[in-house]
Amino acid sequence: MTIELFREDAYLKRCDATVVAVHGSGVCVDRTVFYPVGGGQPGDTGTLTRAGGGRLAVIDTRKERPSGAHLHLVADGCALPEVGERVGLEIDWPRRHRLMRMHSCMHMLCAVIPAPVTGGSIRDGSGRLDFDLPEAPDKARIEAELSRLIEEDHPMRLRWISDEEMDRQPELVRTMSVQPPRGGGRVRLVEFRGADLQPCGGTHVASSGEIGAVRVHSIKSKGKQNRRITIEFAD
């Protein structure tokens with residue numbers, strides 16, 4: 001299993017690691033700062049620097065099941081590192097930070113709309129959530145409430161609870177189609193103090209003020225009781 005350094009500190013941009021396996025165009029290492037695609041958040045991109053100085057572009061990051069090893073995918077035809085080789089890993093930080101800002105914005109959107117989430121995804125510059133709602137909410141109100149929560153600059157903290165504690169608090173789970181991320185008998189909670197609390201394995205900003213200005217791009221009906229709300233950065 002790859003040690004996921006980003007779980008405790010999403011602001012780590014680089015690390016050194018040892019190659020433990022190579023599968024096709026994917027390089028597995030013992031530790032990483034690269035987030036693998038999951039929970040609606042895209043996998044990180046960046047660079048892998050070999051011991052001799054050669055640099056490989058990491059075009060995606062995925063997680064093998066059930067091993068838990070991370071695959072840092074590089075373009076076909078690249079000269080891949082060997083097992084046991086020491087490498088340097090560095091994420092595309094501007095892109096990751098935008099994804100962190102938008103992921104945190106989706107948590108603010110959950111705070112604004114107290115309804116079950118039926119699906120969602122995050123992209124570079126935008127994100128969307130589908131809510132179990134009979135009627136479409138007011139666009140202007142959503143924008144105003146999101147702006148308020150962002151400007152209030154609610155600090156974020158991570159904490160862990162046991163699987164048993166999670167099972168006793170099912171109301172914490174907002175997403176109907178996805179089970180909260182679990183590992184080693186515990187669940188990670190992301191809390192924006194005074195605004196939102198829910199299980200999540202993704203990367204987030206240190207406080208809601210870091211999200212920046214956003215706007216509602218669209219509100220669409222995706223079924224009898226399914227409303228899709230798409231948010232984008234205003235800048």
Side-chain angles (χ1 to χ4, degrees), residues 4 6-7 10 34-45 60-66 95-147 149-150 156 158 161 163 166-167 169-183 187-192 195-205 208 211-212 214-234:
E4 301 173 328
F6 57 84
R7 296 290 183 197
F34 281 66
Y35 180 86
V37 61
Q41 181 173 328
D44 279 330
T45 59
D60 197 5
T61 309
R62 297 184 175 272
K63 192 170 186 176
E64 285 192 319
R65 307 290 183 185
R95 176 181 180 270
R96 155 72 87 76
H97 191 234
R98 290 190 296 271
L99 294 171
M100 288 167 58
R101 290 166 56 203
M102 185 52 66
H103 199 155
S104 296
C105 183
M106 294 296 99
H107 282 225
M108 296 302 99
L109 185 58
C110 284
V112 170
I113 302 178
V117 175
T118 60
S121 66
I122 300 160
R123 294 187 295 176
D124 188 357
S126 67
R128 59 95 175 165
L129 289 178
D130 297 345
F131 290 93
D132 184 16
L133 288 170
E135 302 292 339
D138 180 72
K139 180 178 179 179
R141 184 189 71 81
I142 293 173
E143 284 191 347
E145 287 297 300
L146 276 177
S147 296
L149 289 175
I150 291 169
M156 187 278 292
L158 303 174
I161 61 174
D163 287 346
M166 183 72 253
D167 292 338
Q169 302 177 79
E171 69 278 1
L172 292 177
V173 181
R174 297 297 305 276
T175 305
M176 300 169 65
S177 59
V178 179
Q179 290 298 310
R182 300 178 185 234
V187 181
R188 193 182 78 155
L189 299 182
V190 173
E191 178 180 16
F192 284 89
D196 184 70
L197 172 65
Q198 58 180 293
C200 179
T203 58
H204 290 273
V205 293
S208 63
I211 294 169
V214 298
R215 59 182 167 231
V216 177
H217 174 269
S218 62
I219 300 176
K220 297 180 180 179
S221 175
K222 290 295 179 178
K224 186 177 180 180
Q225 286 191 248
N226 201 40
R227 308 293 168 235
R228 176 168 295 177
I229 302 174
T230 301
I231 308 295
E232 64 183 6
F233 291 128

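One is the number of the first residue; the rest follow in order along the sequence.
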Would you say the side-chain atoms of [X] pair up with the backbone N or O of [Y], donor to acceptor, closer than 3.5 Å?
X      : Y      : result
Asp196 : Met108 : no
Ser208 : Leu149 : yes
Arg188 : Gly202 : yes
Thr118 : Asp132 : no
Arg62  : Val37  : no
Thr203 : Ala10  : no

Of all heavy-atom pairs between [X] and [Y], which one has the smallest distance, and what is that distance?
X      : Y      : answer
Val205 : Ser104 : N-OG, 3.2 Å
Phe6   : Phe34  : CE2-O, 3.1 Å
Leu109 : Leu146 : N-CD2, 3.6 Å
Arg227 : Lys222 : NH1-N, 4.4 Å

Does any part of the side chain of [Y], heavy atoms only, come nearer than 4.5 Å to the side chain of [X], both counted from C-beta?
X      : Y      : result
Gln169 : Ile161 : yes
Ile219 : Ile229 : yes
His97  : Arg101 : yes
Phe192 : Gln198 : no

- Item | Matching residue for Pro137 among Ile142, Val112, Val216 - test: side-chain contact (heavy atoms from CB on, under 4.5 Å) |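 The side-chain contact (heavy atoms from CB on, under 4.5 Å) with Pro137 is passed solely by Ile142 among Ile142, Val112, Val216.
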
- Query: In terms of ring plane angle, is the pair His103 and His204 parallel, tilted or perpendicular, where the classes change at 30° and 60°?
  - Reply: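 The arrangement is tilted - the two ring planes meet at 30° to 60°.
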
